[in-house]
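Proteins get letters first, then strands, A, B, ... in listed order; numbering begins at 1 in each.
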There are 2 protein chains.
Amino acid sequence: MSITGLFPIDKWDFQSESILADLPPADLEMLSTHKTEQVYKKGDIIFREGAYAAGIFFVVNGKVKKYKVNKEGKEQIIYVANTGELIGYHAILSDDRYPDFAAALEESTIAFIPREDFLKTLGQSSLLNNRLLKTLSHEFTVLINSLTMFAQKSVRERLAVQLIVLREKYKMNAKPGMPIEINMSRDDLASLVGTARENVVRMLTEFKEENILQTRGRKILILDINKLIRIADYK
Amino acid sequence: MSITGLFPIDKWDFQSESILADLPPADLEMLSTHKTEQVYKKGDIIFREGAYAAGIFFVVNGKVKKYKVNKEGKEQIIYVANTGELIGYHAILSDDRYPDFAAALEESTIAFIPREDFLKTLGQSSLLNNRLLKTLSHEFTVLINSLTMFAQKSVRERLAVQLIVLREKYKMNAKPGMPIEINMSRDDLASLVGTARENVVRMLTEFKEENILQTRGRKILILDINKLIRIADYK
DNA sequence: ATTTAAAATTGATAAATATCACTTTTTCAA
DNA sequence: TTGAAAAAGTGATATTTATCAATTTTAAAT
């Protein structure tokens with residue numbers, strides 16, 4: 001794998017590095033002091049861009065889209081957070097305003113940790129500090145890959161990349177031994193890829209004709225991941 | 001200014017938050033223990049993507065492009081670092097491989113700080129720790145704005161944005177009272193905007209016809225920054 | 001100042017992507 | 001189970017962007 005090649009495959013199936021996993025019980029306890037849990041229905045907004053960042057959120061179960069909205073109301077999905085991931089911490093660490101929107105992609109259980117508890121724990125745990133530095137640096141790497149993808153790859157290639165990434169995320173939803181189905185609206189998929197819904201639909205039809213995937217209602221089942229990888233990887 | 005509006009102007013003229021400024025003398029001294037300085041000529045490569053991250057770099061004077069290179073050899077500039085900025089620290093904090101290339105855009109003086117000194121100082125300075133957390137979070141915000149720009153804005157709009165940003169960076173080069181000239185090859189400008197050189201040239205011609213800017217050789221002088229802001233801001 | 005190689009520019013054309021108007025399918029609540 | 005409403009899909013066309021093949025201009029070295 002060429003060092004200069006855009007996106008070696010291991011950079012696609014990025015999962016946010018685990019920030020809280022295996023943190024000492026004392027740290028976790030301090031974080032949890034005022035923790036509350038809430039169930040968000042599909043489409044419910046968790047936080048809004050520009051809102052005061054009252055705290056951070058932990059995805060106990062479900063999937064969350066992080067996105068920006070432009071002047072015309074068009075969404076751009078930046079990232080899909082999965083079960084086990086922490087969101088909203090950038091705001092607390094920089095200017096106390098969320099830099100984007102977050103909304104549930106499916107019914108999700110989300111825990112809320114007030115900013116004070118997060119900051120207090122951060123002040124006492126050098127491990128949490130190091131985890132955050134590492135995660136943020138890793139996110140940077142992932143984001144510049146994404147950026148380059150948007151700047152240089154075609155819609156077809158970007159769709160291939162996102163399908164590969166989404167398949168990884170939906171693995172968790174699939175019962176063991178059962179096929180992995182991606183369940184996402186064409187609008188959200190288009191927003192993730194950065195194109196219009198119609199284009200996504202047309203390319204999915206192409207992929208179907210090439211026996212790369214099949215659909216069941218709005219659900220997508222990848223049949224030939226290697227073909228998809230080749231499309232994503234090459235011009 | 002709408003909260004949901006893409007890129008309020010203060011997010012464009014982003015300068016990396018100062019990481020080292022006003023750090024206690026003891027910290028700066030520890031960082032400088034094995035510091036070395038080197039002059040890079042225009043085009044010289046400072047580090048390569050994938051290379052072992054032996055340390056971090058401080059731009060004492062000059063301008064540095066950070067970029068990715070795809071399989072076909074096409075460059076994508078991610079960011080232009082200016083005098084006073086630190087680069088290469090993401091690698092040290094995550095996986096010890098530089099995530100992109102860095103090369104001098106003009107003759108530049110660059111200081112090198114070995115990774116051990118950086119890590120040692122980081123271990124002893126909670127201020128440096130906090131600065132890094134804040135900077136990384138801020139970079140995240142800037143990058144998701146960039147990402148959304150690439151995904152949703154036209155070449156014309158992106159060029160307008162980049163000219164505004166570059167003008168800020170070249171302010172430093174201009175003698176007080178003298179006009180601010182952007183001095184960048186059309187290829188680099190195209191790579192920054194994410195398009196072909198020919199398109200950049202054509203759009204610059206348009207901007208000239210609209211009295212937004214003028215050129216002197218390859219140098220660009222912005223005449224009407226407000227028009228540029230309007231183009232960058234609206235569809 | 002002159003040469004010359006590199007960079008910039010221009011025009012024509014091809015390819016990719018967006019948009020619009022419409023039909024069909026799916027989902028979900030009554 | 002069925003009937004809207006929402007979402008998905010399709011085809012035609014417009015617009016944007018990329019590519020190719022030149023020519024002209026600029027900058028650097030002699």
Side-chain angles (χ1 to χ4, degrees), chain A residues 41-44 65 70 72-77 105-107 149-163 181-209 213-221 231 234-235, chain B residues 41-43 65 70 72-76 105-107 149-163 181-209 213-221 231 234-235:
Chain A
K41 289 203 292 278
K42 184 176 172 173
D44 284 355
K65 64 175 173 184
N70 75 5
E72 290 85 42
K74 194 174 151 196
E75 289 185 11
Q76 177 61 44
I77 298 182
L105 274 173
E106 56 190 42
E107 183 166 293
M149 174 171 80
F150 275 107
Q152 299 199 338
K153 292 199 174 238
S154 68
V155 169
R156 181 179 159 93
E157 293 168 306
R158 300 200 308 263
L159 178 58
V161 169
Q162 297 294 1
L163 287 174
E181 285 186 326
I182 297 168
N183 187 6
M184 187 178 248
S185 80
R186 299 300 175 263
D187 275 316
D188 277 341
L189 200 45
S191 161
L192 197 57
V193 170
T195 188
R197 186 188 67 246
E198 294 94 321
N199 293 325
V200 165
V201 168
R202 273 186 269 269
M203 303 249 161
L204 284 177
T205 307
E206 275 182 38
F207 286 163
K208 269 193 268 192
E209 286 162 357
L213 53 82
Q214 65 184 46
T215 56
R216 233 176 29 95
R218 69 181 39 156
K219 298 195 184 75
I220 297 168
L221 174 66
I231 292 168
Y234 286 109
K235 185 90 198 166
Chain B
K41 289 203 293 280
K42 183 174 174 175
K65 64 174 173 183
N70 74 7
E72 290 85 43
K74 195 172 150 196
E75 288 186 11
Q76 177 60 45
L105 274 173
E106 57 191 39
E107 184 165 293
M149 174 171 82
F150 275 107
Q152 298 199 337
K153 292 200 174 237
S154 68
V155 169
R156 181 179 158 93
E157 292 168 307
R158 300 200 308 262
L159 178 59
V161 169
Q162 297 293 3
L163 287 174
E181 285 186 325
I182 297 167
N183 187 6
M184 188 177 245
S185 79
R186 298 301 174 263
D187 274 316
D188 277 341
L189 201 45
S191 162
L192 197 57
V193 169
T195 188
R197 188 187 62 245
E198 294 95 320
N199 294 324
V200 164
V201 169
R202 274 186 268 268
M203 303 251 161
L204 284 176
T205 307
E206 275 182 38
F207 286 163
K208 270 193 267 191
E209 285 162 358
L213 53 82
Q214 66 183 45
T215 55
R216 230 172 36 90
R218 68 182 39 157
K219 298 196 183 75
I220 297 169
L221 175 66
I231 292 169
Y234 287 109
K235 184 90 197 165

Please list each protein N or O that sits under 3.5 Å from an N or O in nucleotides 15-17 of chain C, with the distance.
from, atom 1, to, atom 2, distance (Å)
dT17(C), OP1, Val155(A), N, 3.1

Between CG on residue Asn183(A) and NZ on residue Lys42(A), distance to nearest 0.5 Å
6.0 Å
Side-chain donor/acceptor pairs under 3.5 Å, residues 198-205 of chain B, sequence neighbours excluded:
from, atom 1, to, atom 2, distance (Å)
Asn199(B), ND2, Thr195(B), OG1, 2.9
Thr205(B), OG1, Val201(B), O, 2.9

How close or far is atom P of dA27(D) from atom CG of Asp187(B), stated in whole angstroms?
15 Å
How many whole angstroms separate atom NZ of Lys41(A) from atom C1' of dA29(C)?
14 Å
Rounded to the nearest 0.5 Å, what separation is found between the CD1 atom of Ile182(B) and the CD atom of Gln162(B)?
10.0 Å
Separation of dA18(C) C1' from Gln76(A) CD (nearest whole Å)
15 Å
Nearest-Å distance for atom pair CZ/P, residues Arg186(B) and dA27(D)
10 Å
Enumerate all atom pairs, one protein N or O and one N or O from nucleotides 23-27 of chain C, separated by less than 3.5 Å.
none

Would you mind reading off the bend of the helix from dA1(C)-dT30(D) to dA30(C)-dT1(D) from its two end axes, five pairs each, to 10 degrees?
50°
Of Lys42(A) and Leu204(B), the one whose closest nucleotide on DNA chain C sits nearer the 5' end is Leu204(B)
Return the minimal non-hydrogen interatomic distance between Ala190(B) and Ala196(B), and the atom names on each side.
CB-C, 3.8 Å
Any chance you could lay out the side-chain contact (heavy atoms from CB on, under 4.5 Å) test for Lys208(A) and Thr215(A), step after step, and finish with the verdict?
CA-CA 8 Å; Lys208(A) 269 193 268 192; Thr215(A) 56; 3.0 Å; yes
Value for NZ (Lys65(A)) from CE (Met184(A)), rounded to nearest 0.5 Å, stands at 8.0 Å
Whole-Å distance separating the CD1 atom of Ile220(B) from the P atom of dT26(D)
14 Å
Distance (rounded to the nearest 0.5 Å) between Ser154(B) OG and Met149(B) CE
10.5 Å
Just the rounded figure in Å: distance from P of dA6(D) to CE of Met184(A).
21 Å
Heavy-atom closest contact (Ala151(B) atom, Gln76(A) atom, distance):
CB-OE1, 3.2 Å
Taking atom C1' of dT9(C) as reference, at what distance in whole Å does atom CD of Glu206(B) sit?
14 Å
Can you tell me how far the CG atom of Asp187(A) sits from the CZ atom of Arg218(A), to the nearest 0.5 Å?
9.5 Å
Polar-atom pairs under 3.5 Å, protein N or O versus N or O of nucleotides 10-14 of chain C: list them with distances, or write none.
from, atom 1, to, atom 2, distance (Å)
dT10(C), OP2, Thr205(B), OG1, 3.3
dG11(C), N7, Arg202(B), NH1, 3.0

Would you mind reporting whether Val193(B) and Val161(B) have side-chain heavy atoms less than 4.5 Å apart?
no
Does some side-chain heavy atom of Glu75(A) sit less than 4.5 Å from a side-chain heavy atom of Asp188(A)?
yes
With a 4.5 Å cut-off on side-chain heavy atoms, are Arg156(B) and Phe207(B) touching?
yes
With sequence neighbours excluded, what pairs up with Glu107(B) under the salt bridge (Lys or Arg N to Asp or Glu O under 4.0 Å) test?
none
Looking at NZ of Lys219(A) and CD of Gln214(A), how far apart are the two atoms once the value is rounded to the nearest 0.5 Å?
13.0 Å
Expressed as a whole number of angstroms, how long is the span from Glu157(B):CD to dT17(D):C1'?
14 Å
